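Atoms within a ligand are numbered from 1 in the order they appear, just like the ligands themselves. In this text, all values refer to a predicted model and were calculated from it rather than measured experimentally.
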Amino acid sequence: GPITLTLWCLTGTNLQALMEQVKKPSSSAEIVMVISNRPGVMGLKRASMAGIQTRVVDHKLYGSRAEFDGTIDKVLEEFGVELVCLAGFMRILTGPFVRKWSGKMLNIHPSLLPSFKGVNAQKQALQAGVRVTGCTVHFVAEEVDAGAIVVQEAVPILVTDTEDSLSERIREAEHRAFPAALELVGSGAVKLRDDGRIVWNQSVQG
Ligand code: 3YE
C-alpha cells in the first residue's frame with residue numbers, strides 16, 4: 001500500500017521536489033502532512049496550496065527538547081505517518097525520539113558524508129579546498145549526520161564558486177537525491193537493520 005510521509009521545511013524547495021515525485025503514478029509514497037517548527041515559512045504555504053494538511057510545532061514554546069519531540073511524536077501518530085523526511089529542518093532530535101522512528105526517518109545534508117557534518121557544510125567544503133562535494137540522504141541516527149547512507153550525488157566545485165553558487169548547485173542535486181531516496185525506502189528496496197546497517201532488497205524494482 002501507499003506509504004504516508006511527513007515533512008518539515010524552511011524554504012520548502014526539497015518539499016516541492018518530493019511533492020512532484022509523489023504525483024507520479026509510479027510513486028510508492030503519499031504526503032499526508034507537513035510539520036514545521038517555524039511559523040510562516042514558505043514550505044507551509046506550498047503544502048497548503050497543494051491541499052496537504054500542515055501543523056506548526058514551534059520549538060520556542062517548549063521548555064525542553066523532550067517536550068518538543070514528544071509533541072512532534074504525537075502529531076506523527078495522529079496522522080499515521082510511516083516515514084518522516086527532514087527537509088530543511090535544523091533541530092537536533094533527542095535519543096528516544098530518534099530510536100522510536102529508527103528506519104522511518106530520513107534527513108538530507110549538503111555534503112558527501114561523512115565529510116563536513118553539521119552546519120555550513122558548503123562553506124566547510126570551500127574552506128577545505130576539495131574539488132567535489134555533494135549531498136547525502138541518510139537515515140537519522142542519534143549521532144547527527146552519522147546514520148546509514150541511502151543516496152548520494154556528487155557535485156563539482158568550480159574555481160569561481162561562492163558559498164551561494166555552490167549551495168545552489170548542491171540544492172539542484174538534492175532535488176534529485178531526496179525523491180530517489182524516498183522511493184527506495186517507500187518501495188521497500190532499502191531497509192535499516194536493527195544494527196544500524198542498510199539492507200538492499202534487490203527483488204524490489206527501484
Ligand atoms: N538529530 C539527530 N540526528 C540526526 N536532526 C537533523 C539530523 C539529525 C538530527 O542525524 N539526533 C544544528 C543541527 C544540525 C544545530 O545546532 N541546531 C540547533 C538549532 C538551530 C536552528 O534552530 O536553526 C539546535 O539547537 O538543535 C536535522 C538537521 C540538523 C542540522
Contacts of E153 that satisfy salt bridge (charged side-chain N to carboxylate O under 4.0 Å, His left out) - sequence neighbours left out: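 By the salt bridge (charged side-chain N to carboxylate O under 4.0 Å, His left out) rule, E153 matches R176.
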- request: Just say parallel, tilted or perpendicular for the rings of H59 and F68, cut-offs at 30° and 60°.
  value: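 Correct class here is perpendicular.
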- request: Could you list who else is in F116's hydrophobic cluster, with ILVMFWY side chains joined at under 4.5 Å, directly or through other members?
  value: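 Joined to F116, directly or through intermediates: L126, V130, V155, I157, L166, I170.
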message: Is it the case that the side chains of S111 and Q124 hold a donor-acceptor pair, with the cut-off being a distance below 3.5 Å and no angle test?
response: no
Are any protein N/O atoms closer than 3.5 Å to the N/O atoms of ligand 1? If there are, list each pair with names and the distance to one decimal place.
{"unit_1": "ligand 1", "atom_1": "1 (N)", "unit_2": "L93", "atom_2": "N", "d": "3.0"}
{"unit_1": "ligand 1", "atom_1": "3 (N)", "unit_2": "A141", "atom_2": "O", "d": "2.8"}
{"unit_1": "ligand 1", "atom_1": "5 (N)", "unit_2": "R91", "atom_2": "O", "d": "2.8"}
{"unit_1": "ligand 1", "atom_1": "10 (O)", "unit_2": "D145", "atom_2": "N", "d": "3.1"}
{"unit_1": "ligand 1", "atom_1": "11 (N)", "unit_2": "L93", "atom_2": "O", "d": "2.9"}
{"unit_1": "ligand 1", "atom_1": "11 (N)", "unit_2": "E142", "atom_2": "O", "d": "3.0"}
{"unit_1": "ligand 1", "atom_1": "17 (N)", "unit_2": "M90", "atom_2": "O", "d": "2.9"}
{"unit_1": "ligand 1", "atom_1": "22 (O)", "unit_2": "R91", "atom_2": "NH1", "d": "3.2"}
{"unit_1": "ligand 1", "atom_1": "23 (O)", "unit_2": "R38", "atom_2": "NH2", "d": "3.0"}
{"unit_1": "ligand 1", "atom_1": "25 (O)", "unit_2": "R65", "atom_2": "NH2", "d": "2.7"}
{"unit_1": "ligand 1", "atom_1": "26 (O)", "unit_2": "R65", "atom_2": "NH1", "d": "3.0"}
{"unit_1": "ligand 1", "atom_1": "26 (O)", "unit_2": "I92", "atom_2": "N", "d": "2.9"}

- request: Output yes when D195 and R193 qualify as a salt bridge under the 4.0 Å nitrogen-oxygen rule, no when they do not.
  value: yes
For E20, all residues meeting side-chain hydrogen bond (donor to acceptor under 3.5 Å, both in side chains), sequence neighbours excluded: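 If we apply the side-chain hydrogen bond (donor to acceptor under 3.5 Å, both in side chains) test to E20, skipping adjacent residues, the hits are Q16.
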